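Data first, discussion second: the structure below is written as structure tokens.
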2 protein chains.
Amino acid sequence: MTTIYDIAKRANVSSMTVSRVINNKGNISEATRKKVEEAIRELNYIPNSAAQSLNLKKTKLLSLVITDITNPFFTKVARGATDKANQMGYQLILCNTDEDYEKESEYIDALIAKRVDGVIIAPTGDSSLKNLKKLMKNRIPFTLIDRKIENVPCDMVLGDNYEGTRYLLQHLITNGHQRIAMVHGPLTISTSKERYQAYVETLKLNDLTVSPSFLIEDHYKQEDQLAGINHLLELPEDERPTAFFAVNNFIAIKLIKQLRQGGLRVPEDMAVVCFDDLELFIELDPFLTVSSQPAYDFGYMGTQLVIERVEGNSPTGYRSINLKPELVIRKSSGTSIKE
Amino acid sequence: MTTIYDIAKRANVSSMTVSRVINNKGNISEATRKKVEEAIRELNYIPNSAAQSLNLKKTKLLSLVITDITNPFFTKVARGATDKANQMGYQLILCNTDEDYEKESEYIDALIAKRVDGVIIAPTGDSSLKNLKKLMKNRIPFTLIDRKIENVPCDMVLGDNYEGTRYLLQHLITNGHQRIAMVHGPLTISTSKERYQAYVETLKLNDLTVSPSFLIEDHYKQEDQLAGINHLLELPEDERPTAFFAVNNFIAIKLIKQLRQGGLRVPEDMAVVCFDDLELFIELDPFLTVSSQPAYDFGYMGTQLVIERVEGNSPTGYRSINLKPELVIRKSSGTSIKE
DNA sequence: CTGTTAGCGCTTTCAG
DNA sequence: CTGAAAGCGCTAACAG
């Protein structure tokens, strides 16, 4: 491995001079700069960033901590994050927590060991607070994306879960639906909780009853069946829901699969709406009615905010960016139903 | 930032002793180990891996270099790679080259600077050879995934492009198709080239004519239109293709969109088949007939192979793993056509 | 079983 | 404009 000393020797200068030309710092005569640059080229020298990091206490490493890159929402987030990171000269370490607090903790420890400059994280849930505190203790800035944790002083890039939910439900209600069930995730996850609350509020505002049996909880894990759905479907026709609001697209797909297994067609027998789009899919078949969120921007903006903080270009206060959802009406919500 | 010396002082031992308990190396009395461990806990000490790397010349950093995480094939690859990496105690840096050799080069330089222990790469094309040589010069092991480069001594995890193509075409031919067009990518990419060659071979074997105008090239970039398609569609009915073989799912979607814009239905008016599945999508609508590749395994195995090499557990020779595709027949290829 | 010394490759003083 | 010395936090090699 060629080091800065090899270059120094070859160019007949000290290592300091080499360092200076590499980093474009201080004044160097054109002549010696040329010499050094040539030596660098000849020996294919690339500075060792471990050594740099040790000195500078900066690694130019960021990490994106999400639950699952395989979820199309997070795929887009990751694209946005890598784009911004690389544009700014950083590398991005990817971590999948699988909604598991323990895994998240292990990752956080590893990231601290690596001394990453900053973290962009969609936490697994409220208990992640402990992990965030660990980051704070180690002075590693982070921005929360998509999911909020209360009382954490940090930048955030969040969606508008109330508005998104309202869009979806109003659309269903306008179409004549009165009995709308919801499938949500753990309420320890802010997106799930807020969409849940918005669901309750919106129904009430529209004088619709909120029935506990219409609220199904899923664990955001890989299991195949949504418990409680089949029970709902066995209700007499005039009591069972005519529409479902799924908290996200992953759940919606699970749900639709299960509805079909139960012999129901979507949207003819059951309308379905959800958060987050499935972009590629939609090109082939504009099917799901969704509140589409700008996933790419979550990653891009989230990364921008950490970098600003890492580099000391942030305002003193913490910023919270609100990304608006957009209602996209497609087939799965059907047309108006007869009452 | 707390260092190994802080721990040493607190535990009344030397830094070496601390180092030994951290790394579980050498013999330590139970008593001092306890003391040290307690000090570590009390001060929340986490070793600085930049310092470790500088000594050990190991970073426990790997990188996955792909063209676009947003492509569902690579999304799965990434999941497989992160899973294996983390299982083995490595972190994974994600790089998207966008099929751009220049971007790839920049990434490679950055990765060399970071002294990553290994790289898992789907190269942008044959010219990537130069970048791979750079890695070799820097003694960074890599495994090639999905795309092969000739004459590079390294481990590889590849699909069987011949077999996959044959499956797809035989299926179409069995269904009565005689005029099958192909949309491929740049022939500097091995997958595209091999599928192209397999296309030619298979048609010949079946005594079908290979018409140059039936071979459409796409650039694998974001452009909206596939040049040359419209021209094909303007041919008289008995001359125009009755089926298309798209080199991958991204292209297939582009193609189908364009066919529809031209007023053609798939599969009624035009059958379409391609490589690589769209897993989530397929749950909602089993549409595309594909040669499905085990994308996850490309990432997982690829990572396993580099790690083995990094850690010196590889055989002397280089290994080439062949992952078989599976033909999944769905709607887009239609049923038998009348001749 | 534990400690000392030196050095990984670079940059930050401080001199010159 | 350039260089010498010291140190970032850790571990390998050798002593004891």
Side-chain angles (χ1 to χ4, degrees), chain A residues 1-37 39-40 43-61 109-117 138-140, chain B residues 1-37 39-40 43-61 109-117 138-140:
Chain A
M1 198 75 297
T2 122
T3 78
I4 202 170
Y5 290 106
D6 300 323
I7 306 300
K9 198 176 298 174
R10 178 122 178 172
N12 268 309
V13 295
S14 76
S15 67
M16 242 347 270
T17 303
V18 179
S19 173
R20 279 193 266 258
V21 339
I22 290 169
N23 301 296
N24 239 312
K25 262 186 181 173
N27 294 328
I28 302 279
S29 74
E30 260 316 296
T32 66
R33 147 165 285 121
K34 282 262 175 296
K35 267 195 309 186
V36 171
E37 277 169 350
I40 289 178
L43 274 61
N44 285 304
Y45 170 68
I46 300 185
N48 180 332
S49 57
Q52 293 181 147
S53 302
L54 196 52
N55 268 283
L56 306 179
K57 283 136 184 27
K58 286 283 159 240
T59 54
K60 289 281 177 179
L61 234 36
D109 283 349
L111 296 176
I112 293 174
K114 281 272 169 305
R115 300 301 193 263
V116 296
D117 290 341
N138 286 276
R139 308 193 172 296
I140 298 179
Chain B
M1 197 78 293
T2 122
T3 77
I4 202 170
Y5 289 107
D6 301 322
I7 304 300
K9 197 177 298 175
R10 177 124 180 168
N12 268 310
V13 296
S14 76
S15 66
M16 240 351 265
T17 304
V18 179
S19 172
R20 280 192 265 256
V21 339
I22 291 169
N23 300 298
N24 239 312
K25 264 188 180 170
N27 294 330
I28 303 279
S29 75
E30 259 317 295
T32 67
R33 148 166 283 124
K34 282 262 175 294
K35 268 196 307 185
V36 171
E37 277 169 350
I40 289 178
L43 275 60
N44 286 304
Y45 169 68
I46 300 185
N48 180 331
S49 57
Q52 291 180 148
S53 301
L54 196 53
N55 267 283
L56 305 178
K57 286 139 181 23
K58 286 280 159 241
T59 55
K60 288 280 178 182
L61 233 35
D109 282 350
L111 296 176
I112 292 173
K114 282 270 168 306
R115 300 300 195 261
V116 296
D117 290 342
N138 286 276
R139 307 194 173 296
I140 298 178

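It should be emphasised that the depicted structure is a prediction, and the values quoted were computed from it without experimental measurement. Naming convention: chains lettered A, B, ... in sequence-line order (proteins, then strands); numbering from 1 in each chain.
- Along DNA chain D, the nucleotide nearest B:K25 and the nucleotide nearest B:L54 are compared for position; the residue whose nucleotide lies closer to the 5' end is B:L54.
- Rounded to whole Å, atom P of D:dT2 lies 13 Å from atom CG of A:N12.
- Phosphate contact (OP1/OP2 of D:dT11, side-chain N/O of B:Q52, threshold under 4.0 Å): present.
- At the heavy-atom level, A:N48 lies under 4.0 Å from the strands shown only through sugar-phosphate atoms.
- Taking atom CE of residue A:M1 and atom C1' of nucleotide C:dC10, one finds them 15 Å apart after rounding to whole Å.
- Between B:K58 atom NZ and D:dA12 atom P there is a gap of 13 Å when expressed in whole angstrom units.
- For the pair B:V36/B:I22, no side-chain contact is recorded, criterion being any heavy-atom separation below 4.5 Å from C-beta on.
- Heavy-atom distances to DNA chain C give each of B:I28 and B:K57 a nearest nucleotide, and the one nearer the 5′ end belongs to B:I28.
- Between B:T32 and C:dT2 there is a side-chain N or O to OP1 or OP2 distance below 4.0 Å.
- Contact between the side-chain N/O atoms of B:S19 and the OP1/OP2 oxygens of D:dC10 is not found at any separation under 4.0 Å.
- A:I22 comes within 4.0 angstrom of no nucleic acid atom, judged by non-hydrogen atoms across all strands.
- For the residue pair A:K57 and A:D117, the shortest heavy atom distance occurs at O-OD1, 4.5 Å.
- Rounded to whole angstrom, the span from the CD1 atom of A:I4 across to the C1' atom of C:dT11 amounts to 8 Å.
- For A:K114 against A:T59, the heavy-atom pair with the smallest separation is O-CG2, 3.6 Å.
- Between the CD1 atom of B:I7 and the P atom of D:dT11 there is a distance of 13 Å, given to the nearest Å.
- B:T17 places a side-chain heavy atom less than 4.5 Å from the side chain of B:I28.
- In this structure, B:K9 places its NZ atom where only 12 or fewer heavy-atom neighbours from other residues, nucleotides or ligands lie under 6.0 Å away.
- Dashed line: the shortest gap from a side-chain N or O of B:S53 to OP1 or OP2 of C:dC8 is not under 4.0 Å.
- In this structure the side chain of B:M1 reaches within 4.5 angstrom of the side chain of A:R115, judged on heavy atoms.
- Computed from coordinates, the A:R115 CZ to D:dG9 C1' distance equals 9 Å when rounded to whole Å.
- Residue B:S29 places at least one side-chain N or O closer than 4.0 Å to OP1 or OP2 of C:dT2.
- When each of A:S14 and A:Y5 is assigned the nucleotide of DNA chain D with its nearest heavy atom, A:S14 is the one assigned upstream, toward the 5' end.
- Between B:N24 atom CG and D:dC10 atom C1' there is a gap of 17 Å when expressed in whole angstrom units.
- One finds no side-chain N or O of B:S15 lying less than 4.0 angstrom from the OP1 or OP2 phosphate oxygen of D:dC10.
- Each of B:N55 and B:R20 was assigned the nucleotide of DNA chain C with the nearest heavy atom; the assignment lying further toward the 5' end belongs to B:R20.
- Across the protein-nucleic acid pair, B:K114 atom NZ and C:dG9 atom P stand 17 Å apart, rounded to whole Å.
- Nearest to the side-chain atoms of B:L56 among the listed nucleotides C:dG3, C:dT11, D:dA12 stands D:dA12.
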